[in-house]
Amino acid sequence: MRAVVLALTVALVVPEFALDKTYVYKYEALLLGGLPHEGLARAGIKVSSKVLLSAVTEHTFLMKLMDPLLHEYAGIWPKDPFVPATKLTSALAAQLQIPIKFEYANGVVGKVFAPAGVSPTVMNLHRGILNILQLNLKKTQNIYELQEAGVQGVCRTHYVINEDPKANHIIVTKSKDLSHCQEKIIKDIGLAYTEKCAECTERVKSLIETATYNYIMKPAAAGVLIAEATVEEVHQFSPLKTQTLAFVEIEKTPVVPIKADYLARGSLQYEFATEILQTPIELMKISDAPAQIIEILKHLVANNVAMVHDDAPLKFVQLIQLLRVATLENIEAIWAQFKDKPVYRRWLLDALPAVGTPVIVKLFKEKFLAGELTIPEFIQALVVALQMVTADLETIQLTASLALHEKIATIPALREVIMLGYGSMIAKHCVAVPTCPAELLGPIHEIAAEAISKNDIPEITLALKVLGNAGHPASLKPIMKLLPGLRTAATSLPLRIQVDAILALRNIAKKEPKLVQPVALQLVLDRALHPEVRMVACIVLFEAKPSVALISSLAGALKLETNMHVASFAYSHIKSLTRITAPDMAAVAGAANVAIKLMSRKLDRLSFRFSRALQLDFYYTPLMVGAAGSAYMINDAATILPRAVVAKARAYLAGAAADVLEIGVRTEGLQEALLQSPAADESVDRITKIKRTLRALANWKALPTNQPLASAYIKLFGQEVAFVNVDKTVIEEAIPIVTGPKPRELLKAALKALQEGIALQYAKPLLMVEVRRILPTAIGVPMELSLYTAAVAFASVNVQATITPPLPEEIETMTLEQLKKTDVQLQAEARPSVALQTFAVMGVNTALIQAAVMARGKIRTIAPGKVAARADILKGNHKVEALPVEVPEHIADVSFETLAVVRNIEEPTAERIVPLVPELAMQNAQTPYAEHSFSSEIPDQAALRSATPFHKTLCLAVPYIEIKGCIEVHSHNAAFIRNDPLFYIIGQHSARASVARAEGPAVERLELEVQVGPRAAERLLKQISLIDEETPEGKAFLLKLREILETEDKNVRVSSESSSSSRIISSSSSSSMSSSRMTETATVMEPFRKFHKDRYMAPHGASKAVSSGSTASSFEKIQKQAKFLGNAVPPVFAVIARAVRVDHKLLGYQLAAYFDKPNARVQLVVSSIAENDNLKICADGAVLSKHKVTARVAWGPECQQYAVIAKAEAGVLGEFPAARLEVEWERLPIIVTTYAKKLSKHIPMAAFKAGFRLERVSNADKEIELTAALPSQRSLNVIARIPEMTLSRMDIPLPIAVPINPDGTLSIQIDEDILSWIQKHIKEE
């Protein structure tokens, strides 16, 4: 027998099944989803059965399942048992036990046949068993590799054949690398616009996709017999999938096929069934789709009235799922039933675009052409529908016919939406079908060619944007015809066409970067082109991920670049790329680090007025998540406006990357118009340019009509969904709309509606995210990874206005005097609310059973409010009142939980849900860690403590208004297993916020009242007075206050002395360290000299003393004339904020403002209106001259406890115009001084990093002085003097020029022509 085994090892024959025998095997398959750690919950299914194999002919076999049984699992692994799904097994028993027929030759499974009564789901279970029989055994090799077909596609497979002489059998090991497949069976939904980030997955070692098959084969009379086979499959996030097939016996009774036609059902490869239409978050038994749609519609309308319902987002997802199943006739019948009911109509119009089936696009087309949809409704629906719809050839043709329809052609905005959507659909189709034909873009190429021949600029723009959305390499040739420098004809085209043509290459660069890179580099290096064209080409070049050689070539060419905008833009772009950490840009970042060394460092010192590019990113490798942001600003030396600004956000998640959002604004037409104006003269100074630019803008009627003045666009996931051009025609059309009779009619209708009362209820649902990846397992059951986010916003608004006297019928005849005599009272109540639910699912999702691990997040907020407002224009009285309103138990509720869920279609209400991290596990968090798979890791004490469930409630009562706010937080996680961010996330977390009445008298309302004019004093609820220090009462008050403050100071000194001894060592060491890092050499600084009328500059010391002394004395002299202005003049206005309580106790604050015009003095006094409360805040300021301003702020009892004095003065530092700000304090609260001392310890290091020079000097203890000087209009010198140190930095570059002359006057003024034009225009209107 040993000789037989050795012979088989050398020349192994394939497994064979005799014609007259039936081979019986025991089969078991297990699929579990969840984290591979004991003590956590998992969800999955198990299939067990007897398998009978019988040969019909030499290469045709029958397979039958006997006694099949399905099990469910949702519990704590491994202690909880599997539960038999009895009802589901009974419902499927008839199908499962139908024999199927398959071809089998030389160990390879061929075609599969089955009656029509066998569903695709059951057929896939059979394929999972047949997949085990797939053996490509070679007779001459023991170790080899090939591409083998299987359930999951044609993938790389490695074979190893060994013998076991003692056991008298042969061991065959087959390993499949599922990440390297020629034809991989996978279905992605919502990922068409994402890019695969291969570099992201390579960094994470656990992201393996393999299936290992182990066979034990024994010699038999006809060859070899598969005695036992085991399969173990490992996928991303490590769900467990195993199969075992063990030989039991041989029977003589053959398997008999049923009496039915055996139809060809494909091959061994997995067949997608209804799981595509089945959302993984809930299993719905659809028996009558139209009736169920109507039921959910009625539920949504009935339960979202006063506020949004908790389950509204989930019900909205259910509605979408049912609409996906419904036929066109069903949907048309439902539309006909509810189209005249506004609330139902809105819900349908929000749900239908998210369905994403071709039926919906056809429905929208028919209803719009029939006049049943308005233009705004149709545009809103198409923007979503064209992005969500399945992009097959039928839908693409339907969209093309819609774009070319004569009715659509008359509505430019609508046609643009459809055309852009057409390009997006081609892009999606080419993702699903990589060999998509270039003929799909034929209509767009024809439109572009015709537009070029007619010089139709708007049509060329639209065609380029469509081609840019499609991103098909076949469009490269038509686009290149419009690129400047490459084609002489393109040079004559407007600049914006050249820019749009370059931007159209961006999506092509993602697919074929090698085709785009040389084109983009050639454009960047062509100095004959416009700088904006070159900078846009630079953006495209770096998005194409150039090599080290290309970037180095660019860096070398920039050494000789004469245009500083291009040089600055390219240099800043390369420099920002050196800091990029995203894996897919690692090679570019490395190349940028090489190139930056070749470039001149002088470019780093260019100011922000030159064009710049900025890129920032963050990436966390263990979780494969990250975000990146890019900003591009293209400036022009000739005008004050940037030519273009672009901002883009990019996201990374689980090995995929996407450009989530991009917004761009260009002022190309406006720039060109300004370049033709005198403002473009390079010989004049910048201030003259600004004046000429303003004059050119004022004369907008002379601007050209054949080009837009500005444009903007928005992109979602790399697809342009909308753009707008603003030209002279738009302005001319907008002015009559704004100034004509229509606004007055709208105002009249609005005021009339307000007086009659407005009651509005509006709901807006949105399926924000639907991302799914469905991939088959070796078992034949689909595994799904998906993310859903749905939200519903609801607002209930009631507004009622009372206007006295009533407005005239013709509002336009109303005079200003009549308006002044109008008393308007308004009462409004609003209850905005939002509910959001998000689901992340990993597990089995079929129409029969779902078993998955799910992360579910919920957010619900309700913010009710009720206000009453009154405006008495004649009396100058304005009042706003916040009235009591009914508040729900929780105004905000946020929760996040991870669960293991299992449910089947026969018992949909009997679903079993188990928390992923059970409470029991939390209590046993101190279990030994050696049992887990982290043998080398010892969790720290923080992780152990975090395992205990955290629950805390924090409440805060707002004094006076008797309102209490509480936040309740609950959390427990799996950090007891591993100290890792993922394990802190999984578990259960919730936070709830509530607002309720506190203990005490109830508050009737909150009032804010403003009184302007001579009646301000009458509205004050409490007379304002300030204590006079010269009176006996004032002296006694100050003496008592001084005693209190001295006691306070004494206590502070005692506590600080006791603690300072413990800090003296660390303080001295840190000081020495800081000193070693700082430059403390003395700096000779020019003295600050104030402006005098005779321009006399005094010496520094004298200037300082005289300046400070004269300022203080003059301000004190003004104060002595009238310490409290309220004794001499009435308040200019008063503001009263108070709470009106049922006990009529006065609570709140009032502010009075006084103005002393002769002395240019302003005084503000804030005081409490409560009885026996003398707390006040006093602010007193005066303009002492056109160069000096002084203010004093004091607060505390009678404004005597704390005080701060601020002085601002303009002057000269050396010979440069300068400004100085001094802040002095007499006394500050202890908390302020404590934190200030702590902050001062970090100043040296912060100053060092910011490039400041530091000097240790003894400055005034209670004074801060900041001086800023302008050596030029684009640079700044800063000197800051604070206690114990002086900081300085010279020649700080400024992004813009500051128009200040050496004498301190402004060097800019508005022309009289412009001012008169504005005044004239206002009078005309």
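Numbers for residues simply follow the sequence, beginning at 1.
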[X] side chain near [Y] side chain, heavy-atom distance below 4.5 Å:
X: Leu1146; Y: Glu1171; answer: no
X: Thr1286; Y: Leu1254; answer: no
X: Leu1287; Y: Ile1279; answer: no
X: Arg1220; Y: Lys1188; answer: no
X: Val1165; Y: Leu1125; answer: no
X: Ile1136; Y: Leu1151; answer: no
X: Leu1270; Y: Phe1216; answer: no
X: Thr1267; Y: Val1278; answer: no

Nearest 0.5 Å, what's the [atom1]-[atom2] distance between [X] and [Y]?
X: Arg1281; Y: Glu1222; atom1: CZ; atom2: CD; answer: 9.5 Å
X: Lys1145; Y: Ile1169; atom1: NZ; atom2: CD1; answer: 11.5 Å
X: Ile1118; Y: Thr1190; atom1: CD1; atom2: OG1; answer: 8.5 Å
X: Met633; Y: Ser568; atom1: CE; atom2: OG; answer: 8.5 Å
X: Tyr1154; Y: Ile1024; atom1: OH; atom2: CD1; answer: 4.0 Å
X: Cys1199; Y: Ile1177; atom1: SG; atom2: CD1; answer: 8.0 Å

Check [X] against [Y] and note the closest heavy-atom contact, atom names and distance.
X: Leu1276; Y: Ala1268; value: CD1-CB, 4.0 Å
X: Ala1017; Y: Pro1131; value: N-CG, 3.6 Å
X: Tyr1149; Y: Ser1168; value: CD2-CA, 3.7 Å
X: Pro1229; Y: Trp1195; value: CD-CZ2, 3.7 Å
X: Ala871; Y: His878; value: CB-ND1, 3.7 Å
X: Lys1123; Y: Arg1161; value: O-NH2, 3.3 Å

Query raised in the report: So Arg1019 and Glu1009, salt bridge (charged side-chain N to carboxylate O under 4.0 Å, His left out) or not? Walk me through it.
Result: CA-CA 9 Å; Arg1019 305 305 301 174; Glu1009 184 177 1; 2.8 Å; yes
**Report entry** Under 3.5 Å side-chain donor-acceptor pair for Asn1259 and Glu1284
**Finding:** no
Query raised in the report: Do Gln1121 and Asn1159 get their side chains close enough for a donor-acceptor pair, meaning under 3.5 Å?
Result: yes
Requested in this report: Decide side chain to side chain contact (heavy atoms under 4.5 Å, CB included) for Ile1282 and Ile1243; before the verdict, give the C-alpha distance in whole Å, the side-chain angles of both, and the deciding distance to 0.1 Å.
Outcome: CA-CA 10 Å; Ile1282 60 177; Ile1243 290 177; 3.7 Å; yes
Requested in this report: Apply the test side chain to side chain contact (heavy atoms under 4.5 Å, CB included) to residues Arg1015 and Asn877: give CA-CA distance (whole Å), side-chain angles for both, the deciding distance (0.1 Å), then the verdict.
Outcome: CA-CA 9 Å; Arg1015 299 189 181 185; Asn877 183 263; over 6 Å; no
Counting distance only, does the side-chain N/O of [X] pair as donor-acceptor with the main-chain N or O of [Y] below 3.5 Å?
X: Asn1277; Y: Asp1291; answer: yes
X: Arg1289; Y: Ala1250; answer: yes
X: Lys1262; Y: Trp1225; answer: no
X: Gln1163; Y: Phe1124; answer: no

**Report entry** salt bridge (charged side-chain N to carboxylate O under 4.0 Å, His left out) assessment of Glu1007 paired with Arg1005
**Finding:** CA-CA 6 Å; Glu1007 285 186 358; Arg1005 64 185 181 276; 2.8 Å; yes
Query - Chi angles and distances behind the side chain to side chain contact (heavy atoms under 4.5 Å, CB included) call for Arg1138, Leu1021 - result: CA-CA 10 Å; Arg1138 65 167 182 154; Leu1021 301 177; 3.6 Å; yes
Query raised in the report: Charged N to carboxylate O under 4.0 angstrom, Glu881 versus Arg870?
Result: no
Query - Glu1018 and Lys875 ion-paired at < 4.0 Å - result: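 Result for this pair is no, no salt bridge flagged.
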Query - Worked verdict on Val1162 versus Asp1156 for side chain to side chain contact (heavy atoms under 4.5 Å, CB included) - result: CA-CA 6 Å; Val1162 176; Asp1156 180 8; over 6 Å; no
Query raised in the report: Heavy-atom count around Lys1022 NZ within 6.0 Å, excluding the residue itself: above 12?
Result: yes
